[in-house]
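Quick notes on the structure that follows.
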Amino acid sequence: MTQPDAIRSLIVVGGCPWPSIDGYRQRNANFIEALSKMGDVDVFCIEADMSEAATKEALSMAPPGVRVVFAPWVGRTLVQRMRVWATTGLPRMATVTDPAPILDRLRTELRGPYDVTLIGNPSPWFDFKSLTTSPMIVDINDLSSMLLRAYAEQSHPRSVRERLRRRLDVIDARRMERLEHLCAAAADAVAVCSELDVRRSNLTNAVSIPNGYTRRRPIPPRAEPGSHPEIVFVGQLGYAPNADAARWFAEDIFPLVREQIPGAVFRIVGRNGDDLADLNLLAGVTLVGGVDDLDAELDRSDLAVVPLRFGAGTRLKVLEAMANRLPIVSTTLGSEGIDVRHREHAMLANSESEIAEACVEVLRSPSLSQSLARNGEALWEERYRWESIHERIAEMVRSVLPDTVST
């Protein structure tokens, strides 16, 4: 049977995509926008109670033709979570939410039949996979099995509680990997963030849909670094890889930079950074916290650093810096999955001394700084603008339909 030109989509995501305050929400918002260009979309956001003002703001930001339904997020108690974890083989992150009230709401609000269903990651897929019989795509926006394994390998537990958590991470890494493979076996396609993730996921129906960044303003000319150059790290600081990166740079790398550039400043920008408050005591370090105007922080900065030592997926902070014409020093892991080349688009280094030397070289060399910024912006323009990635999403959707048609 030939599909109609307009494709009706059902999308289930955890958390409201608007405003898009982090990489996960930006990715969801752009999947929704891409599918809205193909036809009507029903979006079910699994979200805790939102204020009337926040709900109104979110609805105003949804693309035309998108119907948004908020499904109630209800958390399980610790005892309930432990029982589910012990009896189902699910990882801890898939036991947090009670799916029953969400399913009740979804069944009431469904307006099928749908031509395609997109689910935001493997955890909701497990609970909601039977919602419709339409072709299904699951977005594995990061390989959580790898992230959990990295937690266990990277951390150095200092208490009985931390040692127990690391042991649970090892168990959950295996459980999440099993869940990812079950999800891929049942879905028509799974989306991952890079060709690197396609290869290392071992999922035969994985499709690379890279993360992107939308620049919504002109970039002002950037002055050469003065005697007090500013280095910035941007990230959601409640996310363990970001918190580790900020602390590692502040405590072990930034002092090496200040030995050569005594006036250098390091600013840490991001929400949920209470556990990093002690970094404010270090010379030249400021924990800025969450900000309403990130553009102002990027404009005042001379260098962005991405000193991640573990994690998964691709980093929005790299794309953000490139789009804002800001030179980057990153670990190889911090930029993995993004096609940057050393000394062309970013400076790549992994040891404390090498990262510090790279920062000093960029801050002391206007020509290198400008070259990295210019080439990084060109790479973003060519490959990592969400507007151009939308067509790749549409191609993936068309590939799972019984009969592919142009839309």
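Start at 1 with the first residue, then count along the sequence.
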Is it true that the side chains of W248 and E352 contain a donor and an acceptor less than 3.5 Å apart? yes
If you round to the nearest 0.5 Å, how far is CD of Q26 from CG of L316? 5.0 Å
Any donor and acceptor pair, going by atom type alone, linking the side chain of H228 with main-chain N or O of G263 inside 3.5 Å? yes
Between the main-chain N or O of G212 and the side-chain N or O of W386, is there a donor-acceptor pair closer than 3.5 Å? yes
Taking R271 for the side chain and G289 for the main chain, is one N or O donor matched with an acceptor at less than 3.5 Å? no
When you compare the side chain of V190 with that of D139, does any pair of heavy atoms fall below 4.5 Å? no
Ignoring hydrogens and geometry, is there a side-chain-to-backbone donor-acceptor pair from R222 to N324 under 3.5 Å? yes
So do M61 and P19 actually touch side chain to side chain, heavy atoms under 4.5 Å? yes
Please walk me through it: do F44 and I102 pass side-chain contact (heavy atoms from CB on, under 4.5 Å)? CA-CA 9 Å; F44 288 77; I102 303 170; over 6 Å; no
Check this for me: does any side-chain nitrogen of one of D40 and R67 sit under 4.0 Å from a carboxylate oxygen of the other? no
Is the backbone N or O of I21 less than 3.5 Å from a side-chain atom of Y24, with the two atoms forming a donor-acceptor pair by type? no
R325 to W380, cation-pi by 6.0 Å centre distance and 45° axis angle: no
Side-chain H-bond candidate by donor/acceptor type, D98 with Q80, under 3.5 Å: no
Quick test of your reading of the model: are D169 and R92 salt-bridged, counting only N-O distances below 4.0 Å? yes
Kindly indicate whether the side chain of L148, heavy atoms from C-beta on, has any atom under 4.5 Å from the side chain of V170. no
Audit row: R105, E109, salt bridge (Lys or Arg N to Asp or Glu O under 4.0 Å) steps and yes/no: CA-CA 6 Å; R105 181 66 183 276; E109 297 286 351; 3.4 Å; yes
Between R383, R385, E377, which is the residue that forms a side-chain contact (heavy atoms from CB on, under 4.5 Å) with E381? R385
Does the side chain of W85 come within less than 4.5 Å of L90's, by heavy atoms? no
One should read off an interatomic distance between F70 CZ and E47 CD, to the nearest 0.5 angstrom, of 7.5 Å
Is E344 salt-bridged to R374, cutoff N-O under 4.0 Å? no
For I11 and D42: C-alpha separation, side-chain torsions, deciding distance, then whether side-chain contact (heavy atoms from CB on, under 4.5 Å) applies. CA-CA 6 Å; I11 300 177; D42 282 0; over 6 Å; no
Give the minimum heavy-atom separation between P241 and L147, together with the two atoms involved. CG-CD1, 3.9 Å
Given E391 and K37, is the salt bridge (Lys or Arg N to Asp or Glu O under 4.0 Å) satisfied, shown in steps? CA-CA 10 Å; E391 180 52 35; K37 297 174 183 177; over 6 Å; no
Across all chains, not counting sequence neighbours, the side chain to side chain contact (heavy atoms under 4.5 Å, CB included) partners of P255 are none
Please list, chain by chain and in numerical order, all residues satisfying side chain to side chain contact (heavy atoms under 4.5 Å, CB included) with V291, sequence neighbours excluded. V269, V288, L294, E297
Validation row: L131, V12 side chains within 4.5 angstrom (heavy atoms): yes
S367 and its side-chain contact (heavy atoms from CB on, under 4.5 Å) partner, picked from S365, S369, S371: S365
Counting only heavy atoms from other residues, nucleotides and ligands, does the tally under 6.0 Å from CG of D49 exceed 12? no
Could you grab the distance from atom CD1 of I32 to atom CD1 of I393, nearest 0.5 Å is fine? 10.5 Å
Main-chain N/O of Y384 paired with S388 side-chain donor or acceptor, under 3.5 Å: no
Quick check: do P72 and P101 have side-chain heavy atoms less than 4.5 Å from each other? yes
Could you give me the CA-CA distance, side-chain angles and deciding distance for R343 and E361, then say whether salt bridge (Lys or Arg N to Asp or Glu O under 4.0 Å) is met? CA-CA 11 Å; R343 300 193 74 89; E361 185 177 1; 2.6 Å; yes
Do L348 and T331 come within less than 4.5 Å of each other through their side chains, counting heavy atoms only? no
Rounded at 0.5 Å granularity, tell me how far CZ in F128 sits from OG in S123. 10.0 Å
Please determine whether side-chain contact (heavy atoms from CB on, under 4.5 Å) holds for the pair E251 and L279, giving the CA-CA distance in whole Å, both sets of side-chain angles, and the decisive distance to 0.1 Å. CA-CA 8 Å; E251 293 181 341; L279 297 182; 3.8 Å; yes
Test your reading of the model: is there a side-chain donor-acceptor pair from D302 to the backbone of P229, 3.5 Å cut-off? no
Salt bridge flag under 4.0 Å for residues E320 and R215: no
One should read off an interatomic distance between Q260 CD and E357 CD, to the nearest 0.5 angstrom, of 4.5 Å
When you check the side-chain N and O atoms of R25 and S20, is any donor under 3.5 Å from an acceptor? no
Test ring pair (Phe, Tyr, Trp, His ring centres under 6.0 Å) applied to F266 - qualifying residues, sequence neighbours left out: F249, F254
Can N211 and R27 be counted as having a side-chain donor-acceptor contact under 3.5 angstrom? yes
Partner of S194 under side-chain contact (heavy atoms from CB on, under 4.5 Å), picked from L196, V192, V198, is L196
How many angstroms lie between atom OG of S134 and atom CG of L10, to the nearest 0.5 angstrom? 6.5 Å
Got more than 12 heavy atoms from elsewhere within 6.0 Å of CZ, R217? yes
Should the heavy atoms of other residues, nucleotides or ligands under 6.0 Å from CE of M82 be counted, would the total exceed 12? no
Polar side-chain atom of R81 near backbone of R76 as donor-acceptor pair, under 3.5 Å: no
Verify side-chain contact (heavy atoms from CB on, under 4.5 Å) between V400 and V116, making sure each step is shown before the conclusion. CA-CA 8 Å; V400 304; V116 67; 4.0 Å; yes
Atom CG of N280 with >12 non-hydrogen neighbours under 6.0 angstrom: yes
Residues pairing under side chain to side chain donor-acceptor pair (under 3.5 Å) where one sits in residues 178-188, two or more places apart or in two chains, turn out to be S145-E180
Could you tell me whether the side chains of D299 and S301 share a donor-acceptor contact shorter than 3.5 Å? no
Quick one: are N242 and K317 in side-chain contact, heavy atoms under 4.5 Å? yes
Can you list the residues that meet the side chain to side chain donor-acceptor pair (under 3.5 Å) rule with D278, with sequence neighbours excluded? R247
State which residues pass ring pair (Phe, Tyr, Trp, His ring centres under 6.0 Å) with F233; sequence neighbours excluded, sorted by chain then number. none
